[in-house]
Amino acid sequence: MGKRRCVSATENKPSSGCCGVKKPKLCPPTVCSVQPSATNNCLPPEDKTVGPGALTPLSRPSRTTSSREQFVVTAEMGCYCFDVLYCHLHGFPQPRLPRFTNDPYPLFVTWKSGRDKRLRGCIGTFSAMNLHSGLREYTLTSALKDSRFPPLTREELPKLSCSVSLLTNFEDVVDFLDWEVGVHGIRIEFLNEKGIKRTATYLPEVAKEQEWDQIQTIDSLLRKGGFKSAITNEFRKSIKLTRYRSEKVTISYTEYMASRQAAQQNSTMHAPPLYTHYS
């Protein structure tokens, strides 16, 4: 059984990529990267209406926690990330503060492109950050500073989708197999060949999307974290594994623009047009 713990605002300062790239045949060393200067993807989605504040309901958030609990993640968060990136790429001032909660959460922002949902950036933090500043920071970090990809450009905006993941229910486990594919995200710590501690993580949806079992996921994470030697079951048993869950919302650029237009028609967006959802 896992032991639940809280994640403090001072824990796990470095950030890392979270997502698997296009499905590999095996688990290559380049599945995901770690960025030393920044901070470290579920069950069927349920209906969630966006609270007051100009946005029409978009795609439903998915979450890996109990359906009886109230959602925190909203479509407005995805729209805010698009606002931040849009303003940055067009040289506008950054958007005003949004209306959704500013409570602190560990978070990830993921950008994908095209009909095939090709990964274009995924970076976040295991430190609990206030959502307004955290989403603003990791919108740009994931879009522009993921070392696996060139920075996003304004020409790519119409092809993009944005996902916001809020991480919850962190539990340290003794057995490295004490987690469920498609339900839990996992973060591992291990010592590499030189005795240096390394970490790596996958969000809850990654293993399911890649059609990996638990062993394949663990081995891919080890390669992602830079472990190059043969992976034995004894070594797998030596890793420290933390499982967690997440709430996730994804919106496309088309949905984002439709939401903006609805906001303008409802007189809830202020000049200049295509600048911000928030009053």
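Index from 1, following the sequence. As the structure is a prediction and not an experimental result, all values here were calculated from the model.
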- prompt: Quick one: does Ser238's side chain have a donor or acceptor within less than 3.5 Å of a partner on Phe235's backbone?
  reply: yes

field: Sub-6.0 Å ring centroid separation between Tyr138 and Phe108
entry: no

message: Less than 6.0 angstrom from the centroid, inside 45 degrees of the normal: does Arg260 satisfy that with respect to the ring of Tyr86?
response: yes

message: Which residues pass the ring-ring contact (aromatic ring centres under 6.0 Å, His included) test with His88, not counting sequence neighbours?
response: none

Salt bridge present between Asp219 and Arg236 (N-O < 4.0 angstrom): yes

task: Without swapping roles, check the side chain of Glu247 against the backbone of Phe71 for a donor-acceptor pair under 3.5 Å.
output: no

Tyr244 side chain near Thr201 side chain, heavy-atom distance below 4.5 Å: yes

message: Any side-chain to backbone donor/acceptor pair from Thr125 onto Ser127? Under 3.5 Å, distance only.
response: yes

- prompt: Between the main-chain N or O of Ala258 and the side-chain N or O of Gln261, is there a donor-acceptor pair closer than 3.5 Å?
  reply: no

- line: Across all chains, not counting sequence neighbours, the side-chain contact (heavy atoms from CB on, under 4.5 Å) partners of Leu177 are Asp175, Gln214, Ile215

query: Does some side-chain heavy atom of Leu241 sit less than 4.5 Å from a side-chain heavy atom of His184?
result: no

- prompt: Looking only at atom types and distance, does a side-chain atom of Asn169 sit under 3.5 Å from a main-chain N or O of Arg245, one as donor and one as acceptor?
  reply: no

message: Taking side-chain contact (heavy atoms from CB on, under 4.5 Å) as the definition, give me every residue that meets it alongside Asn192, ordered by chain and number, with sequence neighbours left out.
response: Phe190, Lys194, Ile196, Arg198

field: From Val72, Val73, Leu135, residue fulfilling side-chain contact (heavy atoms from CB on, under 4.5 Å) relative to Phe100
entry: Leu135

query: Are side-chain heavy atoms of Lys112 and Arg118 found at a separation under 4.5 Å?
result: no

statement: Taken in chain and number order and not counting sequence neighbours, the residues that satisfy salt bridge (Lys or Arg N to Asp or Glu O under 4.0 Å) with Lys237 are Glu234

- request: State which residues pass side-chain contact (heavy atoms from CB on, under 4.5 Å) with Pro104; sequence neighbours excluded, sorted by chain then number.
  value: Ala128, Asn130

- request: Quickly, which of Cys162, Ser161, Ser142, Ser163 forms a side-chain contact (heavy atoms from CB on, under 4.5 Å) with Thr110? Name it, please.
  value: Ser163

- request: Please tell me if the side chains of Trp212 and Val206 come closer than 4.5 Å, counting only heavy atoms from C-beta onward.
  value: yes

query: Do the side chains of Tyr80 and Phe92 join up, straight or via other hydrophobic residues, at under 4.5 Å, putting them in one cluster?
result: yes

- prompt: How would you list, by chain and number, every residue that makes a side-chain contact (heavy atoms from CB on, under 4.5 Å) with Thr139, sequence neighbours excluded?
  reply: Cys81, Val84, Leu85, Val109, Trp111

message: Please check: side-chain N/O of Glu156 versus main-chain N/O of Ser113, any donor-acceptor pairing under 3.5 Å?
response: no

